[in-house]
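Just so it is clear: chains get the letters A, B, ... in the order the sequence lines come, proteins before strands, and each one is counted from 1. In this text the structure is predicted, and so the values were computed from the model without any measurement.
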2 protein chains.
Amino acid sequence: MAKDDKGEGQTGGIQSLDAALRLLGAMMEHRGPVSLSELARECRMPPSKVHRYLASFQRAGLVEQAGRSGKYDLGPGAVTLGLSALARHDFVNRASDALPDLCTESGLTALLSVWGNQGATVIRWERAASPTVTSMGLGTTLPLLNSATGRAFLAWAPQAPLQAIRAAEIRGARKNPAIAPDLAPTERDLEKLVGTIRAQGYASVEGKFIPGLVAIAAPILDWQGEAQAVVTLIGTDPGVVQPGSEAVARLVAFCKELSFAPMTLADAK
Amino acid sequence: MAKDDKGEGQTGGIQSLDAALRLLGAMMEHRGPVSLSELARECRMPPSKVHRYLASFQRAGLVEQAGRSGKYDLGPGAVTLGLSALARHDFVNRASDALPDLCTESGLTALLSVWGNQGATVIRWERAASPTVTSMGLGTTLPLLNSATGRAFLAWAPQAPLQAIRAAEIRGARKNPAIAPDLAPTERDLEKLVGTIRAQGYASVEGKFIPGLVAIAAPILDWQGEAQAVVTLIGTDPGVVQPGSEAVARLVAFCKELSFAPMTLADAK
DNA sequence: AGATTGTTTTCCATATTATGCAATGCTTTT
DNA sequence: AAAAGCATTGCATAATATGGAAAACAATCT
């Protein structure tokens with residue numbers, strides 16, 4: 001195959017693994033199932049090569065073949081791997097463990113989300129007894145502007161990844177005003193919205209994402225003051241979004257508890 | 001290198017990739033960072049090999065070196081990958097697509113339900129060729145105790161939300177014994193019922209909700225082990241509810257196929 | 001129908017690429 | 001200081017991945 005280019009200054013590694021991971025990356029960029037030949041074209045690999053790699057991935061459960069369409073997609077093993085990686089960050093574990101308590105104490109449905117996959121992704125949720133909705137499962141990607149969760153990320157998440165997404169969603173919202181009817185998503189309005197959210201310490205939304213529902217969301221902050229995750233409470237009573245409400249108090253306390261707290265001098269040993 | 005084991009019956013694939021994925025699997029099992037040599041020992045690989053593989057993984061962001069301790073850990077790329085995969089696993093859609101197959105193969109009417117609106121709600125159904133049923137349309141809310149579907153949710157759905165609903169329905173059933181004529185819905189009986197259902201892997205009902213009809217139901221589980229949806233088969237022949245029946249086998253296999261399955265780590269010894 | 005195009009999958013000879021070992025730095029322990 | 005453990009790099013060998021061709025399979029058009 002005449003690999004003439006020696007431009008690779010990379011230190012040791014496995015070339016076949018690099019190719020395999022390039023393949024995985026390509027699969028990730030697609031939102032859904034991809035055909036083998038399409039992958040081959042994108043990665044500039046012969047189909048036979050792609051086929052063999054996919055066979056190995058498939059054995060490990062990282063990819064799977066969707067139905068009988070023959071197309072390939074990321075599989076459950078990838079989820080396991082990702083959640084395992086996520087679990088290394090202890091705030092995820094602590095928040096997951098405490099989520100049921102928050103749910104029962106508040107009587108509301110509680111969600112734990114992290115930023116990933118170009119959106120706020122729900123990784124854990126605890127349903128309340130009261131009649132809320134379903135169809136909001138794990139892995140749901142919440143909209144940035146019209147969900148309390150998304151807004152909390154907008155206000156507290158790392159800038160870099162959000163800038164682009166934000167811009168994209170603003171364009172989308174402008175084209176489709178039904179998505180954000182009462183929000184004129186100019187840069188100025190966004191700044192104002194973010195300012196308001198940060199000032200009051202939590203984000204809220206009434207019936208935007210799902211009519212009839214209200215939600216409040218607060219961030220779990222790391223040592224840099226950026227949102228590592230967002231906790232959301234969903235209910236039906238409009239009262240819960242009010243600044244003084246018990247639900248707000250509980251939510252904010254919960255997140256503060258889990259957020260990074262600078263060491264006090266008294267702790268010095 | 002004298003690979004004596006010919007135990008590999010596996011079809012085509014990349015051996016080095018298999019080794020790499022075995023490595024990833026080993027890293028997954030550790031809760032935190034691992035040293036290179038430790039990995040090498042566990043996977044029975046020479047350290048140099050492990051080092052080269054890790055270099056490739058690191059370049060892709062799948063693993064990273066924790067601080068300057070030199071230990072390796074799963075990295076942000078793994079999280080991204082997992083979240084991307086998580087978003088694709090829309091159980092409801094996948095089940096919807098596959099439902100017609102289940103229907104034709106089993107010759108029975110198939111139902112797909114999710115939890116919502118204080119009950120098991122039918123969101124998709126596929127009628128069997130034989131003209132049995134029924135007046136059951138989309139959006140029908142099935143009773144919790146007297147339908148196979150409801151019972152499956154009872155057995156596998158998240159505890160917290162169901163406790164209340166369950167209690168409410170018990171009260172209702174007591175007031176209206178026609179709904180649950182042969183079931184004394186005490187807490188003890190409920191526990192026993194749930195235990196039986198979980199033990200046999202599916203819920204069944206004979207002629208309770210609709211006289212003359214029998215039904216079996218099994219859950220589609222997410223990675224939390226909770227029922228995201230329930231698939232139900234309805235027929236007239238009492239034989240289908242028997243544990244060994246073909247219908248039961250098909251149903252359970254169907255749900256298992258759609259349920260979340262963790263990553264398999266190939267331990268070819 | 002049959003023909004045609006586009007897939008996915010298997011086979012095989014070749015040499016590219018991964019391999020294990022040994023040697024080298026590098027850090028931590030005795 | 002010496003020793004032990006670990007991470008990293010070089011090297012010759014052969015084991016392994018490679019691309020092309022062709023077989024199996026599916027879908028679309030004439």
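- For residues 74-84 of chain B, the set of pairs meeting the salt bridge (Lys or Arg N to Asp or Glu O under 4.0 Å) definition, not counting sequence neighbours, is empty.
- Atom NZ in B/Lys49 sits about 17 Å away from atom P in C/dT17, given to the nearest Å.
- Within a 6.0 Å radius of CD in A/Gln224, more than 12 heavy atoms belonging to other residues, nucleotides or ligands are found.
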Polar atom pairs (N or O), protein with nucleotides 21-27 of chain C, under 3.5 Å:
| from | atom 1 | to | atom 2 | distance (Å) |
| --- | --- | --- | --- | --- |
| C/dC21 | N4 | B/Ser48 | OG | 3.2 |

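- Here B/Gln58 does not reach the OP1 or OP2 of D/dT8: none of its side-chain N or O atoms lies under 4.0 Å away.
- Residues passing the salt bridge (charged side-chain N to carboxylate O under 4.0 Å, His left out) test with A/Arg52: none are found, sequence neighbours excluded.
- Counted by atom type alone, A/Gln58 and A/Glu64 present zero donor-acceptor pairs between their side chains at under 3.5 Å.
- Listed by chain and residue number, nothing satisfies the ring-ring contact (aromatic ring centres under 6.0 Å, His included) test with A/Phe57 (two or more places apart in sequence, or in another chain).
- Each of D/dC6, D/dT16, C/dA18 was ranked by its minimum atom distance to the side chain of B/Gln15; first place goes to D/dT16.
- Between B/Arg41 and D/dC6, a side-chain N or O to OP1/OP2 separation shorter than 4.0 Å is present.
- When the P atom of C/dT8 is taken as reference, atom OH of A/Tyr53 falls 18 Å away, rounded to whole Å.
- Interface residues of residues 27-40 of chain A facing DNA chain C, ordered by number: A/Ser35, A/Leu36, A/Ser37; criterion, heavy-atom separation under 4.0 Å.
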Name every donor-acceptor pair, under 3.5 Å, that has one atom in a side chain of residues 36-46 of chain A and the other anywhere in the protein, sequence neighbours excluded.
| from | atom 1 | to | atom 2 | distance (Å) |
| --- | --- | --- | --- | --- |
| A/Ser37 | OG | A/Ser35 | OG | 3.4 |
| A/Glu42 | OE1 | A/His30 | NE2 | 3.1 |
| A/Glu42 | OE2 | A/His30 | NE2 | 2.7 |

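- Residue A/Pro47 has its side chain nearest to C/dT9 when only D/dT8, C/dT9, C/dA18 are considered.
- Atom CE in B/Met45 sits about 12 Å away from atom C1' in C/dA18, given to the nearest Å.
- The CG atom of B/Leu23 sits 11 Å away from the P atom of C/dT19 (whole-angstrom rounding).
- Residues forming a salt bridge (charged side-chain N to carboxylate O under 4.0 Å, His left out) with B/Glu126 (at least two apart in sequence, or on another chain): B/Arg124.
- Across D/dA24 and C/dA13, the matching C1' atoms stand 22 Å from one another, rounded to whole Å.
- Applying the 4.0 Å criterion to OP1 and OP2 of C/dT19, one finds that B/Ser16 has every side-chain N and O outside that range.
- Using a 4.0 Å cut-off, no side-chain N or O of A/Tyr72 falls inside it from OP1 or OP2 of C/dT7.
- Here D/dA17 presents its C1' atom at 13 Å from CG of A/Leu17, a figure rounded to the nearest Å.
- At whole-Å resolution of the value, CD in B/Gln65 and P in D/dA7 are 9 Å apart.
- Of the P atoms belonging to D/dT18 and C/dT19, the separation is 12 Å, rounded to the nearest Å.
- The separation between A/Ile14 atom CD1 and D/dT18 atom P is 12 Å, rounded to whole Å.
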Q | Verdict with supporting geometry, B/Val122 and B/Leu112, side-chain contact (heavy atoms from CB on, under 4.5 Å) | A | CA-CA 6 Å; B/Val122 180; B/Leu112 176 66; over 6 Å; no

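- At C/dT9, one or more side-chain N or O atoms of A/His51 fall inside 4.0 Å of OP1 or OP2 (strictly under the cut-off).
- Within the structure, salt bridge (Lys or Arg N to Asp or Glu O under 4.0 Å) contacts touching residues 241-250 of chain B (residues at least two apart or in different chains) are B/Glu105-B/Arg250, B/Glu246-B/Arg250.
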Indicate every side-chain donor-acceptor pair of residues 75-83 of chain B with a distance under 3.5 Å to a residue at least two apart or in another chain.
| from | atom 1 | to | atom 2 | distance (Å) |
| --- | --- | --- | --- | --- |
| B/Thr80 | OG1 | B/Pro76 | O | 3.1 |

